[in-house]
Amino acid sequence: MKYFKTPEFLHEVFGEKQSILEVTGTILFALVGSWVIYSVAEIKLDNWRAILAFILIADVLAGCIANFTLGTNEFYTKRPKNRLIFIAIHVHIIVIAWLLSQPLDTALLMWAYTIVAASVVNALHGKSIQGFIAANLMCYGIFLLIYLSLPTWFLMVSLFFMIKVLFSFAVDHYRQSA
């Protein structure tokens, strides 16, 4: 695959290098996924709250894919402090819940589980068990989401948020582990 140097303002999203295939796949998933969630949610984009919420939903979906790319993975592997900051600042699900009038207690529970689990996985950086622990915590998180009986569209967003932060981002997918 042929890689190109990404513009500096996109380094936090795509890293320092990226391929056309990976960028296209990321954007396509964000757009198609947002449309699917929009269709299921039956929410009108007729006010600033709904529009902002769907911008954040597109960001969650894009990050879910972009964080699996070699360029993004390498960028954050070289910057462990940035990886911790990235995990900590992900409050998207709480903001989306607030913007679209979903129960904040449920969003806070789901967010807390995701951030704590991602922090545990991140602490295992370089260990061969990291991927297994991430998958295990992801599966428990799926049980939590099902147990919470969320509306279908919010379940979808929550699931992709969890994948983005806990599995896609917190795991170093390209490092040879010991």
In the single-linkage hydrophobic clustering (I, L, V, M, F, W, Y; side-chain heavy atoms under 4.5 Å), do Tyr140 and Ile129 co-cluster?
yes

What is the minimum heavy-atom distance between Tyr3 and Ser19, and which atoms define it?
CD2-N, 3.6 Å

So Leu45 and Tyr38, do their side chains get closer than 4.5 Å, heavy atoms only?
yes

Membership question, hydrophobic clusters at under 4.5 Å side-chain separation (ILVMFWY): are Val36 and Met162 in the same one?
yes

All heavy atoms of Gln130 vs all of Asn122, minimum pair found to be NE2-CA, 4.3 Å

Step by step, work out the side chain to side chain contact (heavy atoms under 4.5 Å, CB included) result for Ser39 and Trp35.
CA-CA 6 Å; Ser39 298; Trp35 177 80; 3.5 Å; yes

Membership question, hydrophobic clusters at under 4.5 Å side-chain separation (ILVMFWY): are Ile65 and Leu10 in the same one?
no

Identify each donor-acceptor pair in which a side-chain atom of residues 47-64 lies under 3.5 Å from a protein atom, sequence neighbours left out, and give them as a table.
residue : atom : partner : partner atom : Å
Asn47   : OD1  : Arg49   : N            : 2.9
Asn47   : OD1  : Ala50   : N            : 2.8
Arg49   : NE   : Leu99   : O            : 3.3
Arg49   : NH2  : Trp98   : O            : 2.7
Asp59   : OD2  : His92   : NE2          : 2.6
Asp59   : OD2  : Lys164  : NZ           : 3.2

Roughly how far apart are Thr72 OG1 and Lys17 NZ, rounded to 0.5 Å?
11.5 Å

Kindly indicate whether the side chain of Ile96, heavy atoms from C-beta on, has any atom under 4.5 Å from the side chain of Gln102.
no

Apply side chain to side chain contact (heavy atoms under 4.5 Å, CB included) to Tyr174 and Thr77, showing your working.
CA-CA 9 Å; Tyr174 295 93; Thr77 296; over 6 Å; no

Closest non-hydrogen atoms of Leu145 and Ser158, given as atom of the first, atom of the second and distance, are CD2-CB, 3.7 Å

In the hydrophobic clustering that connects Ile, Leu, Val, Met, Phe, Trp and Tyr at side-chain heavy-atom distances below 4.5 Å, which members other than Leu84 occupy its cluster, ordered by chain and number?
none

Just how far is it from atom SG of Cys139 to atom CG of Leu144, taken to the nearest 0.5 Å?
13.0 Å

Of all heavy-atom pairs linking Val23 and Gln18, the shortest is CG2-CG, 3.3 Å

What's the shortest heavy-atom distance between Ala134 and Phe167, and which atoms?
CB-CD1, 3.6 Å

Under the criterion side chain to side chain contact (heavy atoms under 4.5 Å, CB included), I'd like the reasoning laid out for Asp172 against Lys127: C-alpha separation, chi angles, the key distance, then a yes or no.
CA-CA 10 Å; Asp172 182 352; Lys127 306 275 192 270; over 6 Å; no

Do Ser34 side-chain atoms and Leu31 backbone N/O form a donor-acceptor pair below 3.5 Å?
no

Check whether Tyr76 reaches the backbone of Gly15 with its side chain - one donor and one acceptor, N or O, closer than 3.5 Å.
no

Got a second to check how far Ile163's CD1 is from Ile142's CD1, nearest 0.5 Å?
6.5 Å

Listed partners of Phe161 passing ring-ring contact (aromatic ring centres under 6.0 Å, His included), at least two apart:
none

I'd like to know whether CZ of Phe4 has more than 12 heavy-atom contacts from other residues, nucleotides or ligands below 6.0 angstrom.
yes

Any link between Val13 and Phe29 through a network of hydrophobic side chains (Ile, Leu, Val, Met, Phe, Trp, Tyr) touching at under 4.5 Å?
no

Stepwise side chain to side chain contact (heavy atoms under 4.5 Å, CB included) test for Leu100 and Phe154:
CA-CA 10 Å; Leu100 296 177; Phe154 197 54; over 6 Å; no

Would you list the atom pairs, donor with acceptor, under 3.5 Å between side chains in residues 104-113 and any protein atom, with sequence neighbours excluded?
residue : atom : partner : partner atom : Å
Trp111  : NE1  : His90   : O            : 2.7
Tyr113  : OH   : Leu137  : O            : 2.6

By side-chain contact (heavy atoms from CB on, under 4.5 Å) - contacts of Thr152 (at least two apart)
Val40, Met156

Applying ring-ring contact (aromatic ring centres under 6.0 Å, His included), can you list everything that pairs with Phe14, at least two apart in sequence or on another chain?
none

Should Phe169 and Ile85 be counted in the same cluster of Ile, Leu, Val, Met, Phe, Trp and Tyr side chains packed under 4.5 Å apart?
no

Under 6.0 Å between ring centres, would you say that holds for Phe75 and Phe86?
no

Answer yes or no: is there a side-chain heavy-atom contact under 4.5 Å between His173 and Phe68?
yes

What closest approach, in Å, do Glu22 and Leu70 show between heavy atoms, and which atom pair accounts for it?
OE2-N, 3.8 Å

